[in-house]
Amino acid sequence: MKKIRLFLVAMMMCMVTNGMAQAKNTPDTQRDYYLYSYIEVRWANKANGEQCFVILMSPGENGQQRSSIMKNNEGKAIVVRNMMAGLAYLEVNGWEVLEPRTDAGIGQWIVRKKIPFADLCKIVEANTTYEAVTPKVQLTLNEKTLKVDYE
(Lines give C-alpha, C1' and ligand atoms only; values in the text may rest on other atoms or scores of the structure.)
Protein backbone atom coordinates (compact mmCIF):
# COMPACT_ATOMS: atom_id res chain seq x y z
CA MET A 1 0.00 0.00 0.00
CA LYS A 2 2.85 2.35 0.84
CA LYS A 3 4.43 1.61 -2.56
CA ILE A 4 1.23 2.59 -4.34
CA ARG A 5 1.04 5.87 -2.41
CA LEU A 6 4.68 6.61 -3.16
CA PHE A 7 4.10 5.81 -6.84
CA LEU A 8 1.03 8.13 -6.97
CA VAL A 9 2.90 10.97 -5.24
CA ALA A 10 5.80 10.60 -7.69
CA MET A 11 3.39 10.63 -10.65
CA MET A 12 1.65 13.76 -9.34
CA MET A 13 4.97 15.55 -8.92
CA CYS A 14 5.96 14.69 -12.49
CA MET A 15 2.65 15.96 -13.83
CA VAL A 16 2.91 19.26 -11.91
CA THR A 17 6.53 19.79 -13.00
CA ASN A 18 5.69 18.99 -16.62
CA GLY A 19 2.72 21.39 -16.58
CA MET A 20 4.83 24.20 -15.14
CA ALA A 21 7.53 23.70 -17.75
CA GLN A 22 5.00 23.79 -20.59
CA ALA A 23 3.38 26.98 -19.27
CA LYS A 24 6.70 28.86 -19.44
CA ASN A 25 7.23 27.97 -23.10
CA THR A 26 3.77 29.00 -24.32
CA PRO A 27 3.97 31.84 -26.88
CA ASP A 28 2.25 35.15 -26.11
CA THR A 29 -0.84 34.99 -28.31
CA GLN A 30 -3.03 37.20 -26.11
CA ARG A 31 -1.13 40.47 -26.57
CA ASP A 32 -3.11 43.69 -26.16
CA TYR A 33 -3.05 46.43 -28.82
CA TYR A 34 -3.78 50.07 -28.06
CA LEU A 35 -4.84 53.27 -29.76
CA TYR A 36 -3.17 56.34 -28.18
CA SER A 37 -4.48 59.88 -28.09
CA TYR A 38 -3.91 63.27 -26.47
CA ILE A 39 -7.08 64.28 -24.64
CA GLU A 40 -8.08 67.64 -23.25
CA VAL A 41 -11.29 68.50 -21.36
CA ARG A 42 -12.12 72.17 -22.01
CA TRP A 43 -14.74 74.78 -21.26
CA ALA A 44 -17.25 75.32 -24.05
CA ASN A 45 -20.56 77.06 -24.64
CA LYS A 46 -23.70 75.26 -25.76
CA ALA A 47 -25.82 76.79 -28.53
CA ASN A 48 -28.04 78.39 -25.86
CA GLY A 49 -25.00 80.05 -24.19
CA GLU A 50 -24.89 77.66 -21.23
CA GLN A 51 -21.36 76.68 -20.18
CA CYS A 52 -20.25 73.07 -20.29
CA PHE A 53 -17.16 70.93 -20.87
CA VAL A 54 -16.22 69.04 -24.04
CA ILE A 55 -13.54 66.44 -24.68
CA LEU A 56 -10.98 67.39 -27.33
CA MET A 57 -9.09 64.55 -28.96
CA SER A 58 -5.96 64.97 -31.04
CA PRO A 59 -4.62 62.61 -33.73
CA GLY A 60 -4.50 58.97 -32.93
CA GLU A 61 -7.95 58.13 -34.19
CA ASN A 62 -8.37 60.68 -36.95
CA GLY A 63 -6.00 62.12 -39.55
CA GLN A 64 -6.17 65.75 -38.41
CA GLN A 65 -3.33 67.69 -36.82
CA ARG A 66 -5.68 69.86 -34.77
CA SER A 67 -7.79 68.50 -31.96
CA SER A 68 -11.46 67.86 -32.62
CA ILE A 69 -14.41 67.52 -30.27
CA MET A 70 -15.01 63.88 -29.37
CA LYS A 71 -18.32 62.55 -30.69
CA ASN A 72 -20.33 59.43 -30.00
CA ASN A 73 -21.21 56.77 -32.61
CA GLU A 74 -24.20 58.86 -33.73
CA GLY A 75 -22.01 61.90 -34.46
CA LYS A 76 -23.25 63.94 -31.48
CA ALA A 77 -20.75 66.00 -29.46
CA ILE A 78 -19.98 64.58 -26.02
CA VAL A 79 -20.77 67.18 -23.33
CA VAL A 80 -19.89 66.67 -19.65
CA ARG A 81 -20.51 68.69 -16.48
CA ASN A 82 -16.87 68.95 -15.35
CA MET A 83 -13.36 67.58 -15.92
CA MET A 84 -13.84 64.62 -13.59
CA ALA A 85 -17.01 63.66 -15.44
CA GLY A 86 -14.93 63.79 -18.63
CA LEU A 87 -12.41 61.38 -17.11
CA ALA A 88 -15.24 59.10 -15.95
CA TYR A 89 -16.73 59.12 -19.47
CA LEU A 90 -13.36 58.13 -20.96
CA GLU A 91 -12.90 55.34 -18.40
CA VAL A 92 -16.38 53.90 -19.01
CA ASN A 93 -15.70 53.87 -22.76
CA GLY A 94 -12.46 51.91 -22.49
CA TRP A 95 -9.86 54.70 -22.36
CA GLU A 96 -7.04 54.43 -19.81
CA VAL A 97 -5.18 57.51 -18.56
CA LEU A 98 -1.45 56.96 -19.04
CA GLU A 99 0.05 60.32 -18.23
CA PRO A 100 -1.42 63.55 -16.94
CA ARG A 101 0.00 66.56 -18.79
CA THR A 102 0.34 68.82 -15.74
CA ASP A 103 3.03 70.95 -17.38
CA ALA A 104 0.59 71.81 -20.17
CA GLY A 105 -2.25 72.65 -17.80
CA ILE A 106 -5.04 71.00 -15.87
CA GLY A 107 -7.39 68.78 -17.84
CA GLN A 108 -4.91 67.34 -20.35
CA TRP A 109 -3.92 63.66 -20.55
CA ILE A 110 -2.36 61.04 -22.77
CA VAL A 111 -4.74 58.10 -22.94
CA ARG A 112 -5.01 54.72 -24.61
CA LYS A 113 -7.78 52.30 -25.53
CA LYS A 114 -7.63 48.57 -26.34
CA ILE A 115 -8.54 47.81 -29.92
CA PRO A 116 -8.31 44.72 -32.14
CA PHE A 117 -5.02 44.27 -34.03
CA ALA A 118 -6.81 44.53 -37.40
CA ASP A 119 -8.26 47.95 -36.47
CA LEU A 120 -4.85 49.17 -35.34
CA CYS A 121 -3.34 48.01 -38.65
CA LYS A 122 -5.99 50.01 -40.56
CA ILE A 123 -5.19 53.16 -38.54
CA VAL A 124 -1.45 52.75 -39.10
CA GLU A 125 -1.97 52.15 -42.82
CA ALA A 126 -4.23 55.19 -43.18
CA ASN A 127 -1.84 57.51 -41.29
CA THR A 128 1.60 56.37 -42.44
CA THR A 129 3.50 57.31 -45.59
CA TYR A 130 7.06 56.58 -46.69
CA GLU A 131 9.12 59.39 -48.19
CA ALA A 132 12.21 58.98 -50.38
CA VAL A 133 13.46 62.42 -49.30
CA THR A 134 13.74 62.68 -45.50
CA PRO A 135 11.68 65.60 -44.12
CA LYS A 136 13.48 68.27 -42.09
CA VAL A 137 12.52 68.36 -38.42
CA GLN A 138 11.19 71.71 -37.19
CA LEU A 139 13.86 72.69 -34.68
CA THR A 140 13.37 74.44 -31.36
CA LEU A 141 15.28 77.65 -30.71
CA ASN A 142 17.74 75.72 -28.54
CA GLU A 143 18.33 73.14 -31.29
CA LYS A 144 18.85 75.91 -33.86
CA THR A 145 21.44 77.54 -31.59
CA LEU A 146 23.28 74.22 -31.23
CA LYS A 147 22.96 73.64 -35.01
CA VAL A 148 21.35 70.25 -34.55
CA ASP A 149 20.41 68.37 -37.71
CA TYR A 150 18.33 65.20 -37.51
CA GLU A 151 18.95 62.90 -40.44
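Please read all numbers here as calculations on a predicted model, not as lab measurements.
Here the closest non-hydrogen pair linking Ser37 and Ser58 is OG-O, 3.1 Å. Between Ile123 and Ile115, the closest heavy-atom pair is CD1-CD1, 4.1 Å. Of all heavy-atom pairs spanning Lys46 and Cys52, the tightest one is CG-SG, 3.8 Å. For Leu90 against Met70, the heavy-atom pair with the smallest separation is CD2-CE, 3.8 Å.
Linking Ile, Leu, Val, Met, Phe, Trp and Tyr whenever their side-chain heavy atoms come within less than 4.5 Å puts Met84 and Ile39 in one cluster. A continuous path of Ile, Leu, Val, Met, Phe, Trp and Tyr side chains, each step under 4.5 Å between heavy atoms, connects Leu120 with Trp95, placing both in one hydrophobic cluster. The hydrophobic cluster containing Val111 also contains Val80, counting ILVMFWY residues as joined when their side-chain heavy atoms lie under 4.5 angstrom apart, directly or transitively. Hydrophobic clustering (side-chain heavy atoms under 4.5 Å, transitive across Ile, Leu, Val, Met, Phe, Trp, Tyr) keeps Val54 apart from Val41. Under the 4.5 Å side-chain heavy-atom criterion for Ile, Leu, Val, Met, Phe, Trp and Tyr, Trp109 and Leu56 are members of distinct hydrophobic clusters.
The neighbour count for Ile69 CD1, taken as heavy atoms of other residues, nucleotides or ligands under 6.0 Å away, does not exceed 12. In Asn48, the CG atom is crowded: over 12 heavy atoms of neighbouring residues, nucleotides or ligands sit closer than 6.0 Å.
The side chain to side chain donor-acceptor pair (under 3.5 Å) check on Glu91 picks up nothing, with sequence neighbours excluded.
Rounded to the nearest 0.5 angstrom, Ile78 CD1 and Met57 CE are separated by 9.5 Å. A distance of 12.0 Å separates CD of Glu40 from CD1 of Ile110, quoted to the nearest 0.5 Å. Between Glu74 atom CD and Lys76 atom NZ the span is 5.0 Å, to the nearest 0.5 Å. Atoms CH2 and CD, from Trp43 and Gln51 in turn, are 5.0 Å apart once rounded to the nearest 0.5 Å.
In this structure, Arg112 fails the cation-pi test against Tyr36, since its NZ or CZ atom is not both closer than 6.0 Å to the six-membered ring centre and inside 45 degrees of the ring normal.
Taking 4.5 Å as the limit, some side-chain heavy atom of Met83 sits within range of a side-chain heavy atom of Phe53.
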